[in-house]
K.L.:
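One structure, as structure tokens, below. Some questions next.
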Amino acid sequence: MEPEEREDRTPLLKESQLGAVPACCSARYNLALLAFFGFFLLYALRVNLSVALVDMVEPNTSLAKNTTSNVCPEHSSTINVPRNTTGKKYSWDADTQGWILGSFFYGYIITQIPGGYLASKIGGKLLLGFGIFGTSVFTLLTPLAADLGVGYLIAVRALEGLGEGVTFPAMHSMWSSWAPPLERSKLLSISYAGALGVLWFFFWMWLVSDKPETHKSISRTEREYILSSLKDQLSTQKSVPWRPILESLPLWAIVVAHFSYNWTFYTLLTLLPTYMKEILRFDAQENGFLSALPYFGCWLCIILSGQIADHLREKQNFSTVCVRKCFTLIGMIGPAVFLVAAGFIGCNYELAVAFVTISTTLGGFCTSGYSINHLDIAPSYAGILLGITNSFATIPGMVGPVIAKNLTHNNTVGEWQTVFYIAASINLFGAIFFALFASGEVQDWAVSGYHFHRN
């Protein structure tokens with residue numbers, strides 16, 4: 001292949017070739033919107049126990065007394081409103097809490113690669129639909145499991161992870177058929193930016209199809225636009241080229257970035273409510289809102305960064321690899337800096353919340369960086385590739401809370417600084433590795449039998 005052709009082999013279709021293809025009320029954006037609500041529910045189902053655990057545990061079950069009481073005073077910026085305090089308390093020490101928070105990911109990791117493979121064979125609609133449905137059902141059993149014993153609770157959380165594990169590979173597999181190259185960042189950022197799970201399941205089954213060809217209400221113009229934009233990116237191979245996939249350095253760049261980002265993400269996702277209570281010492285009512293604030297910022301950043309990324313590629317002629325690397329660097333180095341800073345501002349509550357919020361918000365840039373890169377390098381196998389990278393990226397969710405809990409037995413500021421140092425260092429390494437070895441080109445093994453067009 002000529003050197004100039006290797007600059008960016010992602011074949012893209014300008015809308016002008018088919019005339020105006022509207023986005024409003026289109027089938028592909030309806031899919032993104034419905035997926036948005038589905039993933040909003042998934043994250044709510046995943047994190048609810050992290051917030052609830054703060055008030056579920058008896059205060060005297062820590063291995064040592066909270067030594068931060070002499071450092072940061074009790075703080076609340078709101079008037080305490082009397083609330084129901086009859087909920088059952090459990091005698092779970094710090095180590096047990098770490099295993100409870102990490103148990104979700106022991107189920108989650110098992111169905112990553114099988115989920116991607118099945119989605120490539122039978123389509124992602126049923127997998128994603130039943131994945132969210134199953135997770136919702138098991139979440140309803142959480143209070144009963146907690147009453148029966150910690151072993152039952154860990155088992156139920158692991159089963160929730162089994163159901164949720166297929167969802168992201170299934171969604172990536174669907175986008176390989178639905179997302180035109182120049183709209184990938186926008187569509188995926190919308191879909192991933194977020195008893196309801198059961199209701200959502202029926203809408204999903206009714207309104208969604210695996211591919212444009214089988215959609216009941218898609219317009220002819222939109223169908224031709226999507227299919228034409230993807231015709232030179234998809235492979236006709238029936239078998240999966242496992243060896244070339246596993247030998248692909250761009251794939252391992254995504255693996256390292258995904259693992260590194262998730263270490264910080266899962267550490268905060270599972271332990272931020274505890275940090276708010278034990279270090280910053282907000283009460284439980286205020287804790288829930290402030291713990292959610294960083295993720296609201298991340299959600300806004302995901303939506304905006306998706307629009308910016310595709311604008312840079314389509315209107316400013318930035319190469320795909322340049323956009324992916326820049327957004328990943330911003331989304332990983334930025335959070336590392338502010339996360340470390342958050343551990344060194346003492347009892348300045350406003351600044352601590354601001355730094356943690358900025359750190360998590362900047363992480364939203366990664367959705368248009370490494371997170372979407374699977375579709376750039378191998379659209380036909382995007383679900384399988386996400387299953388591989390997410391398998392490695394689930395490990396931080398399994399061991400991160402356990403390590404963090406073991407490092408913060410006394411809940412001192414110094415212990416939490418160590419937790420933040422570790423997360424920031426891993427983030428920095430992942431960002432550098434991705435910047436060195438990532439690619440924005442469709443790989444040879446992913447498009448066997450097809451020719452390429454320059455961007």
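All figures in this text were calculated on a predicted structure; none of them were measured in a lab. All values below were derived from every heavy atom in this structure, side-chain atoms included, with hydrogens, water molecules and symmetry-related copies excluded.
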K.L.:
Apply side chain to side chain contact (heavy atoms under 4.5 Å, CB included) to residues Ile254 and Phe434 and explain how you reach the verdict.
P.N.:
CA-CA 7 Å; Ile254 303 174; Phe434 184 84; 4.1 Å; yes
K.L.:
Tell me whether Arg184 is salt-bridged to Asp310, with the criterion being a basic N under 4.0 Å from an acidic carboxylate O.
P.N.:
no
K.L.:
Tell me whether Ser305 contacts the main-chain N or O of Cys301 through its side chain, where contact means a donor paired with an acceptor under 3.5 Å.
P.N.:
yes
K.L.:
Are Trp204 and Leu128 close enough that some pair of their side-chain heavy atoms sits under 4.5 Å apart?
P.N.:
yes
K.L.:
List the steps, then state whether side chain to side chain contact (heavy atoms under 4.5 Å, CB included) holds for Ser185 with Ile372.
P.N.:
CA-CA 7 Å; Ser185 302; Ile372 195 178; 4.0 Å; yes
K.L.:
For residues 395-406, which side-chain donor-acceptor pairs fall under 3.5 Å, sequence neighbours excluded?
P.N.:
{"unit_1": "Lys405", "atom_1": "NZ", "unit_2": "Gln97", "atom_2": "OE1", "d": "3.3"}
{"unit_1": "Asn406", "atom_1": "ND2", "unit_2": "Val402", "atom_2": "O", "d": "2.7"}

K.L.:
Quick one: closest heavy-atom pair of Val442 and Pro379, and the distance?
P.N.:
CG1-CD, 4.2 Å
K.L.:
Would one find more than 12 heavy atoms of other residues, nucleotides or ligands at under 6.0 Å from atom OH of Tyr117?
P.N.:
no
K.L.:
How close do Val256 and Gly430 get, counting heavy atoms only, and between which atoms?
P.N.:
CG1-CA, 3.9 Å
K.L.:
Taking all heavy atoms of Ile226 and all of Ser177, pick out the closest pair and write down the distance.
P.N.:
CG2-O, 3.4 Å
K.L.:
Between Trp99 (side chain only) and Ile154 (backbone N and O only), is there a donor and an acceptor less than 3.5 Å apart?
P.N.:
no
K.L.:
Does the side chain of Leu207 reach to within under 4.5 Å of the side chain of Leu34, using non-hydrogen atoms?
P.N.:
yes
K.L.:
Quick one: ring-ring contact (aromatic ring centres under 6.0 Å, His included) partners of Phe392, sequence neighbours excluded?
P.N.:
Trp252
K.L.:
Are Ile132 and Thr167 close enough that some pair of their side-chain heavy atoms sits under 4.5 Å apart?
P.N.:
yes
K.L.:
Would you mind writing out the side-chain donor-acceptor pairs for residues 331-340 within the sub-3.5 Å range, not counting sequence neighbours?
P.N.:
none

K.L.:
For the aromatic rings, using the six-membered ring if either is Trp, is the centroid distance between Phe37 and Phe203 under 6.0 Å?
P.N.:
no
K.L.:
Return the set of residues passing side chain to side chain contact (heavy atoms under 4.5 Å, CB included) with Leu126 (not counting sequence neighbours), or none when no residue passes.
P.N.:
Phe130, Met205
K.L.:
Report the distance from atom OG of Ser248 to atom CG of Leu385, rounding to the nearest 0.5 Å.
P.N.:
7.5 Å
K.L.:
How far does CG of Leu251 sit from CG of Leu246, to the nearest 0.5 angstrom?
P.N.:
7.5 Å
K.L.:
Does Trp178 use its side chain to pair, donor to acceptor, with the backbone of Ser209 at less than 3.5 Å?
P.N.:
yes
K.L.:
Sequence neighbours left out, what passes ring-ring contact (aromatic ring centres under 6.0 Å, His included) with His172? Give chain and number order.
P.N.:
Tyr192, His374
K.L.:
Are any side-chain N or O atoms of Asn390 and backbone N or O atoms of Leu386, one a donor and one an acceptor, separated by less than 3.5 Å?
P.N.:
no
K.L.:
How far apart are the closest heavy atoms of Ser176 and Ala382, and which atoms are they?
P.N.:
CB-CB, 4.4 Å
K.L.:
Does Thr360 use its side chain to pair, donor to acceptor, with the backbone of Thr357 at less than 3.5 Å?
P.N.:
no
K.L.:
Are Phe104 and Tyr266 side-chain neighbours, meaning at least one heavy-atom pair lies under 4.5 Å?
P.N.:
no
K.L.:
Rounded to the nearest 0.5 Å, what separates atom OG in Ser120 from atom CE in Met174?
P.N.:
13.5 Å
K.L.:
Starting from the C-alpha separation in whole Å, work towards a yes-or-no answer on side chain to side chain contact (heavy atoms under 4.5 Å, CB included) for Leu31 and Met171.
P.N.:
CA-CA 10 Å; Leu31 172 61; Met171 190 75 258; 4.2 Å; yes
K.L.:
When the ring centroid of Tyr370 is compared with that of Phe327, is the distance short of 6.0 Å?
P.N.:
no
K.L.:
Under 4.5 Å between any side-chain heavy atoms of Ile388 and Ile245, yes or no?
P.N.:
yes
K.L.:
Please confirm whether Tyr421 and Phe344 have ring centers closer than 6.0 angstrom.
P.N.:
yes
K.L.:
If we count only N and O atoms by modelled type, under 3.5 Å, do the side chains of Ser103 and Glu160 hold a donor and an acceptor together?
P.N.:
no
K.L.:
Applying the side-chain contact (heavy atoms from CB on, under 4.5 Å) test to Glu415, which of Thr412, Thr418, Val413, Val419 qualifies?
P.N.:
Thr412
K.L.:
Ignoring hydrogens, what is the shortest heavy-atom contact between Pro180 and Leu187? Give both atom names and the distance.
P.N.:
CD-CD1, 4.0 Å
K.L.:
Between OG1 of Thr139 and CG of Leu42, what distance do you get to the nearest 0.5 Å?
P.N.:
9.5 Å
K.L.:
Under a plain distance cut-off of 3.5 Å, with no hydrogens placed, do Thr389 and His258 share a side-chain donor-acceptor pair?
P.N.:
yes
K.L.:
To check you understand the geometry: which heavy-atom pair defines the closest contact between Ser189 and Thr367, and what is its length?
P.N.:
CA-CG2, 4.0 Å
K.L.:
Ring-plane angle category for Tyr90 and Trp92, please: parallel below 30°, perpendicular beyond 60°, tilted otherwise.
P.N.:
parallel
K.L.:
Measure the shortest side-chain to side-chain distance between Ser136 and Leu41 over non-hydrogen atoms and say whether it is less than 4.5 angstrom.
P.N.:
no
K.L.:
Hey, mind stepping through Lys325 and Phe437 against side chain to side chain contact (heavy atoms under 4.5 Å, CB included) and telling me if it holds?
P.N.:
CA-CA 10 Å; Lys325 288 182 177 181; Phe437 301 112; over 6 Å; no
K.L.:
What distance do Thr320 atom OG1 and Asp376 atom CG have between them, rounded to the nearest 0.5 Å?
P.N.:
5.5 Å
K.L.:
Can you find a heavy atom in the side chain of Phe365 that is under 4.5 Å from one in the side chain of Thr328?
P.N.:
no
K.L.:
Check whether Asp93 reaches the backbone of Thr96 with its side chain - one donor and one acceptor, N or O, closer than 3.5 Å.
P.N.:
yes
K.L.:
To the nearest 0.5 angstrom, please state how far the CD atom of Glu314 sits from the CD atom of Gln316.
P.N.:
10.5 Å
K.L.:
Does Gly440 offer a backbone N or O that forms a donor-acceptor pair with the side chain of Arg324 under 3.5 Å?
P.N.:
no
K.L.:
Between Tyr29 and Glu222, is there a side-chain donor-acceptor contact under 3.5 Å, judged purely by atom types and distance?
P.N.:
no
K.L.:
Give a yes or no answer on whether the side chain of Lys186 reaches the backbone of Gly306 with a donor-acceptor pair at less than 3.5 Å.
P.N.:
no
K.L.:
Sequence neighbours left out, what passes side chain to side chain contact (heavy atoms under 4.5 Å, CB included) with Ser425? Give chain and number order.
P.N.:
none
K.L.:
Would a distance-only check, ignoring hydrogens and angles, find a side-chain to backbone donor-acceptor pair under 3.5 Å from Thr264 to Ala423?
P.N.:
yes
K.L.:
Short question: side chain of Ser359, backbone of Phe355 - any donor-acceptor pair under 3.5 Å?
P.N.:
no
